[in-house]
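Some notes on the structure that comes next.
Atom set for the values below is all heavy atoms of this structure, side chains included, hydrogens, waters and symmetry mates excluded. The shown structure was predicted, so the numbers you read here are calculated from the model rather than taken from an experiment. A, B, ... follow the sequence lines: proteins, then strands. Residue 1 opens every chain.
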Protein chains: 2
Amino acid sequence: MLDVAILGLLMDRDHHGYEIRSQLRERLGVSANVSFGSIYPALARLERHGLVEAVAPAAPRAVAISTGSLSGERASLRTLRGSAGLGRRGRKVYRITERGRQEFGVLLADPTTVDDGRTFSLRVALARYLTPALRVRLLERRRQDLLERLAEVRQDADNPDLDAYARSVMSHAAHGVELDLEWIDDLLSIERSDSETFAREAK
Amino acid sequence: MLDVAILGLLMDRDHHGYEIRSQLRERLGVSANVSFGSIYPALARLERHGLVEAVAPAAPRAVAISTGSLSGERASLRTLRGSAGLGRRGRKVYRITERGRQEFGVLLADPTTVDDGRTFSLRVALARYLTPALRVRLLERRRQDLLERLAEVRQDADNPDLDAYARSVMSHAAHGVELDLEWIDDLLSIERSDSETFAREAK
DNA sequence: GATGCATCATATCACTTCGATATATCGACG
DNA sequence: CGTCGATATATCGAAGTGATATGATGCATC
């Protein structure tokens, strides 16, 4: 899951680990603050598998030299220190490889994994990398899962030997699932109207 | 978090590991199916810390003997085989200890941990074990967190260099937080009307 | 009454993730 | 000049996941 998220961010542009953490939240809607203890090992793993590679950052000190005043001396020292892939302030910037792009496509388009709320949101946030057909399939699969879940959680909410608090949790969960279903139906209707527009234009 | 959930279930009555898994879902509203790879180590850990203890299940074969017909022979064989704590079909039934009850109270009432959605729901599901004052504090703290989260996620939803899918994820997240807030406000108003009822009756 | 299948039940494995902590650099501020 | 907060990587132990193994039990079916 984290792998897909990182690859998805790198599809857009190069990133370093620290930046990925904030981007996960801001661009992909990952609500839990993913820890560095996940991100750095994940990047190392992806690099080991040849899906990403460390790059010497473009013009390491160029910006600093143009805006800064007398820091040229210190800068060159630092640049000397840094080995391959280590840029300004020890940043390690990663780039997705061709193999990485392929693997990203496969992972995103769903091998057989069942989505929970987090992976589904992630996939939707990256849905522009899916074909319209795959998008619809993703949405409809999730829709089915949620309908089943709704039935379960409604049953739990009616369980008479739960106290008021537990029943409240259950019925709130049901409302959450209902909200998710509305969202999915919205997304599906957009997909359909898009393909209509497409069809009309093709005439 | 899992510790609190298990202790919470055991506050009600004794359980064995397999049963705890289903009860987490049905009684505590834990949506993710917690794996046995979590539950059994958690029980072992809790036992090691003296918060729970294995019990010889009450009347191991009594039910089977009374309802069944000729199975007394097989039953006694099995009972012989089972060492302490191993009852019918190898079940290991756990009971909460006095230390466990105390620790449960402390954990539930909040040391300093920040709630995410899962731990908060869990606490609400177990809220009957909290005093009214602690319940209100729990709800108001969560309310504050959600207000901050709402501001963040609304800002992300307005970010113009996200594509329509990512923005949709963000705005759906915002709606989810709004739903959570409504829920909490409901719970808070119930707490307040309960204490009013209390006050009125006390007159 | 044997057979065989689904469910109940515990356990363990490799791998991932989390939370805390360590370390160092940079920029801003007084 | 010092130090504080943000940037940045790294690592550790503890905990959680998903898969898999193993076996007992109940029940249906022949």
Nearest-Å distance for atom pair CD1/P, residues A:I39 and D:dT9: 10 Å

For atom CD1 of B:I6 and atom C1' of D:dA15, their distance in whole Å: 12 Å

Nearest-Å distance for atom pair CG/C1', residues A:D115 and D:dT17: 16 Å

Residues touching DNA chain C, which here means a heavy atom under 4.0 Å, drawn from residues 9-22 of chain A: none

Electrostatic pair A:D12-A:R128, nearest N-O below 4.0 angstrom: yes

Closest listed nucleotide, where the reference is the side chain of A:R91 and the choices are C:dG19, D:dT9, C:dA9: D:dT9

Beyond-backbone contact of B:D158 with B:M170, side-chain heavy atoms, under 4.5 angstrom: no

Spacing of A:Y40 atom OH relative to C:dT21 atom P, expressed in whole Å: 18 Å

Between D:dT7 (C1') and A:K92 (NZ): distance, integer Å: 16 Å

A:L2 and A:L24, any side-chain heavy atoms less than 4.5 Å apart: yes

Basic-acidic side-chain contact under 4.0 Å: B:E19, B:R27: no

Out of D:dT9, D:dA15, C:dT12, whichever nucleotide has its closest atom nearest the side chain of B:R45: D:dA15

Nucleotide C:dT16, atom C1' - distance to CG of A:D3 in whole Å: 10 Å

A:R99 (side chain) donor-acceptor with A:H49 (main chain) under 3.5 angstrom: yes

Rounded interatomic separation in angstrom, taking CG from B:L24 and P from D:dT17: 11 Å

Min side-chain heavy-atom separation A:W183-A:V124 under 4.5 Å: yes

d(CE, B:M1; P, D:dG16) in whole Å: 9 Å

Any A:S38 side-chain N or O less than 4.0 Å from OP1/OP2 of C:dC18: yes

Short side-chain to backbone donor-acceptor contact, B:R135 and B:A127, under 3.5 Å: yes

